[in-house]
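Encoded as structure tokens, the structure appears first; notes follow it.
Note: hydrogens, waters and symmetry copies are ignored here, and every other heavy atom, side chains too, is used. Within every chain, numbering begins at 1; the chains are lettered A, B, ... in the order of the sequence lines, protein sequences first and strands thereafter.
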Amino acid sequence: MLKTHSCGQLRRTDIGSQVVLAGWVHRRRDHGGLIFIDLRDREGVVQIVFNPQKSPEPYQLADELRNEYVIRIWGEVVLRPEGTENPALPTGEIEVLVERMEILNKAETPPFYINKDVEVDENLRLEYRYLDLRRERMQRNIKARHLVVNFMREFLNNKGFLEIETPILIKSTPEGARDYLVPSRLYPGSFYALPQSPQQLKQLLMVAGFEKYYQIAKCFRDEDTRADRQPEFTQLDIEMSFVEEDDVMLLTEELLTRLVEGFFPDYKLKKPFPRIRYAEAMARYGSDKPDIRFGLEMSDLSDILVSSSFPVFSRSLANGGCIKGIALPGCGDYSRRSIDELTNLAKDSGGGGLVTISLDKTLNSIEDLTMSAVKSSAARYLAVDEVRLMAKRLGASGGDLILILAGDVSTVNRALGALRLEMGRRLELARPGELAFAFVVDFPLFNWNQELGRWESMHHPFTSPREEDLSLLVTTPEKVRGRHYDIVLNGYEIGGGSIRIHKGDLQREVFHILGYEDKEIDDLFGHLIKAFNYGAPPHGGIALGIDRLLMTLLGEETIRDVIAFPKNQNARDLLFGSPAPVKDEQLKELHLRLETS
RNA sequence: GGCCCCGUGGUGUAGCGGACUAACAUGCCACCCUGUCACGGUGGAGAUCAGGGGUUCAAAUCCCCUCGGGGUCGCCA
């Protein structure tokens with residue numbers, strides 16, 4: 001080793017030690033007669049001192065030092081002179097008197113600050129990711145990631161799980177996201193696909209008798225990115241045999257609880273994790289991944305407005321839609337402009353025609369409500385009794401703003417849910433430091449795809465239907481509930497899983513409902529069904545999105561800040577410059593020809 | 001593919017029709033400085049205001065297009 005100690009670890013107890021340190025010049029303070037350098041390595045920063053009287057040669061060399069130079073120094077750890085201690089630094093009681101120095105490597109001036117936490121254009125950060133990662137925040141994030149993943153491994157190892165790797169080159173699956181494809185050199189015209197998740201593989205491991213499996217699994221989905229989504233991401237993938245929903249959920253709950261309490265003790269979290277039925281989540285929060293850190297819950301107002309003369313309302317109800325609202329506390333004095341903003345927000349999510357009702361501040365009791373205390377874009381269509389009933393249901397009082405949307409159920413839920421989230425943010429309703437985990441349960445197994453005119457799996461086709469709903473499979477698929485559970489955290493879906501189908505004939509039946517012919521089923525999923533026919537145990541599992549979990553735990557706003565080398569929004573890697581063209585020979589070997597446009 | 005937002009010295013920002021010969025902070029370079037720790041002081045270099053076109057007597061500023069980036073809808077079994 002080129003060093004005997006880490007910079008950041010030196011303490012009072014090291015006083016008197018001769019040490020060799022190596023690291024980066026974090027900051028330099030040249031006093032003319034005396035040069036101080038903050039020397040940084042992975043463990044932190046220590047002050048080293050160049051004194052011309054004591055060591056003239058290194059002092060002269062130190063004149064050349066600039067930020068991010070890599071140096072090695074020999075010296076003695078000494079107590080700092082009284083009054084010059086720096087309590088802000090863990091190493092602030094001591095310093096190292098340099099007796100000899102070697103410059104291991106020079107550095108160009110970095111394109112952005114490494115020793116300061118300043119917002120920098122993300123392009124630039126990604127182009128120079130190796131420098132970005134030197135910054136304190138990124139070091140913290142990547143280290144936290146290690147600790148979290150390490151904890152997960154230990155936790156599961158101690159519970160008898162086996163970590164098993166599964167292939168990255170597998171087969172394209174018809175349902176789900178777009179696959180990343182890898183052309184085969186040996187088989188012209190054939191392709192591998194990168195796994196969207198090791199779903200089928202882990203089920204096969206259950207058939208293979210491993211009973212408890214986990215993996216830190218890279219997953220790939222070729223879809224557009226978001227703040228919490230990029231082409232490749234990491235899941236803690238878990239599968240267990242001979243289990244029911246509660247076994248998996250309680251294990252997950254224990255894992256997450258102990259993780260947070262052990263590594264992020266400043267957070268408050270509610271135990272046990274609440275369980276919310278899907279239908280309820282949609283009705284109350286307009287989302288299957290509700291942020292339950294705050295209220296602003298939606299209520300159905302259809303019955304109150306059933307005979308409303310307002311065309312938007314009556315039309316929606318006539319078309320089988322609904323009318324729902326939320327109440328925004330203290331927003332009754334919103335300007336026209338602010339209200340327009342909300343209207344646009346609703347439109348962005350597909351919800352047209354936001355109706356707002358401002359209740360005057362001076363209104364003491366909803367019972368005393370008169371139309372003079374009501375300001376609304378739809379005022380002339382609203383009866384005072386209707387407003388009163390709506391206000392009551394929504395828990396609104398004087399000074400509040402009521403938002404109402406009408407339309408088909410899913411659009412209203414989505415748009416009003418988006419408004420709820422945005423207003424929750426703006427009004428800062430979520431208490432800081434709160435982690436609101438919740439399980440969402442009782443999902444329907446299928447949903448009807450209007451465009452394609454067929455049933456689709458709500459999650460994936462391997463989810464088991466509930467036993468008591470089996471008879472509905474053929475008659476009324478929409479009523480079949482799946483044995484699926486999602487886990488959400490502060491409005492993010494951080495995981496999901498289910499008890500799987502473990503019998504070949506049931507699996508085949510589900511594929512039939514999804515519109516597959518036997519031939520296709522055999523081609524695409526024959527391996528799985530065949531495996532089920534050789535004594536597959538009942539099994540189930542879950543997958544946790546490690547990036548999203550970390551993002552929330554670390555208070556970051558994008559998944560990219562917890563990934564060492566992320567892709568940008570356009571799925572490009574700005575450091576490597578990928579994706580990139582390849583040589584013609586490579587294409588030829590792969591039997592590929594580019595379309596010339 | 002749609003919508004919204006952003007692009008000004010290395011970095012972060014200000015300026016939003018004329019007083020801009022583009023300001024501030026920091027970084028960078030030189031010199032001074034022996035107890036600083038975001039050291040301090042003096043001086044200096046550094047910007048075709050993302051690119052192109054237009055409107056105007058006059059454009060960093062207004063309009064259009066392109067490029068790059070971010071957010072979001074669609075998409076994400």
Side-chain angles (χ1 to χ4, degrees), chain A residues 26-39 45-54 59 63 66-68 80-89 91-92 95 108-128 131 172-179 195-197 199-200 219-231 233 341 344-351 411 414-415 418 421-422 445-447 449 451 455-463 482 484 493 496 498 510-511 514 524-525 543 545 557-558 560 568-570 572 574:
Chain A
H26 189 62
R27 218 185 291 274
R28 150 200 167 92
R29 291 178 294 280
D30 184 346
H31 285 242
L34 201 60
I35 298 174
F36 298 100
I37 299 281
D38 289 337
L39 189 64
V45 161
V46 70
Q47 172 165 286
I48 62 176
V49 186
F50 294 83
N51 188 318
Q53 262 113 57
K54 293 180 180 156
Y59 172 80
D63 194 50
R66 295 292 181 271
N67 282 348
E68 301 308 310
R80 290 195 185 191
E82 202 173 339
T84 66
E85 302 87 357
N86 184 354
L89 235 50
T91 58
E95 63 193 12
E108 288 183 26
T109 303
F112 49 80
Y113 297 106
I114 288 167
N115 52 19
K116 272 192 223 178
D117 189 22
V118 181
E119 282 292 317
V120 185
D121 181 59
E122 208 179 353
N123 288 335
L124 200 64
R125 290 177 56 201
L126 292 177
E127 187 184 339
Y128 293 92
L131 296 182
S172 178
T173 48
E175 294 203 40
R178 193 176 296 113
D179 283 313
Q196 297 182 23
S197 87
Q199 181 60 37
Q200 294 184 57
C219 306
F220 306 85
R221 295 177 191 176
D222 188 2
E223 298 292 348
D224 286 354
T225 59
R226 289 287 183 279
D228 65 344
R229 257 165 46 188
Q230 69 140 24
F233 58 99
E341 228 179 304
N344 284 333
L345 219 92
K347 263 191 210 139
D348 287 345
S349 308
T411 305
R414 186 172 60 245
L421 272 185
E422 178 59 25
L445 192 62
F446 304 106
N447 53 275
N449 185 319
E451 274 169 51
W455 293 105
E456 283 179 338
S457 291
M458 187 93 180
H459 292 94
H460 58 59
F462 315 112
T463 302
H484 185 95
E493 182 195 325
S498 61
V510 166
F511 280 126
L514 295 172
L524 298 167
F525 302 102
E557 284 183 356
T558 141
R560 295 185 295 275
N568 72 2
Q569 192 181 52
N570 299 317
R572 295 175 56 85
L574 297 176

Pair of N/O donor and acceptor under 3.5 Å linking B:U36 base with A:Arg80 side chain: yes
For B:U36, does the base pair up with any side-chain atom of A:Gln47 as donor and acceptor (N or O, under 3.5 Å, distance only)? yes
Inspect the contact between A:Asp224 and A:Arg229 and indicate whether a charged nitrogen and a carboxylate oxygen are less than 4.0 angstrom apart. no
Name the pairing partner of B:C3, where a pair is Watson-Crick or G-U wobble with both distances under 3.5 Å, or state none. B:G71
Distance check: side-chain N/O of A:Arg572 vs OP1/OP2 of B:G68, anything under 4.0 Å? no
Ignoring backbone atoms, establish whether A:Arg226 has a side-chain N or O less than 4.0 Å from OP1 or OP2 of B:C73. yes
Phosphate contact (B:G71 OP1 or OP2) by A:Arg560 side-chain N/O below 4.0 Å: yes
Heavy atoms only, 4.0 Å cut-off, all strands: where does A:Glu95 land among base, sugar-phosphate and nothing? base
Taking only the side-chain heavy atoms of A:Asp121 (C-beta and beyond), determine which of B:G10, B:G12, B:C29 contains the nearest atom. B:G12
Starting from the 5' end of RNA chain B, give me the residue, A:Glu557 or A:Thr173, whose nearest nucleotide shows up first. A:Glu557
Distance-only donor-acceptor test, A:Arg28 side-chain atoms vs B:C39 base atoms, 3.5 Å: no
Between B:C3 and B:A19, how far apart are the two C1' atoms, rounded to whole Å? 40 Å
When rounded to the nearest Å, what value does the distance between C1' atoms of B:U48 and B:G9 take? 12 Å
Taking only the side-chain heavy atoms of A:Leu34 (C-beta and beyond), determine which of B:U11, B:C75, B:G35 contains the nearest atom. B:G35
Check whether any side-chain nitrogen or oxygen of A:Asn123 sits under 4.0 Å from OP1 or OP2 of B:G70, and answer yes or no. no
Taking B:U26, B:G70, B:U36 as options, the one with an atom nearest any side-chain atom of A:Glu122 is B:G70
Phosphate OP1/OP2 of B:G71 contacted by A:Gln569 side-chain N/O (<4.0 Å): yes
Can you tell me if A:Arg125 touches the phosphate of B:U11, counting only side-chain N or O atoms and a distance under 4.0 Å to OP1 or OP2? no
Residue A:Arg27, side-chain atoms from C-beta onward, closest of B:U26, B:A38, B:G35: B:A38
Nearest-neighbour nucleotide for the A:Pro81 side chain, B:G10, B:C75, B:G35 considered: B:G35
Answer yes or no: does a side-chain N or O of A:Arg29 lie under 4.0 Å from OP1 or OP2 of B:U36? no
What nucleotide, of B:A30, B:U34, B:C28, holds the atom closest to the side chain of A:Pro52? B:U34
Identify whether any heavy atom of A:Thr463 sits under 4.0 Å from a base atom; if not, whether one sits that close to sugar-phosphate; answer base, sugar-phosphate or nothing. nothing
Look at the side chain of A:Asp224 and decide which nucleotide, out of B:G70, B:C37, B:G1, has an atom nearest to it. B:G1
If you find the nucleotide of RNA chain B closest to A:Phe36 and the one closest to A:Pro461, which residue's nucleotide is nearer the 5' end? A:Phe36
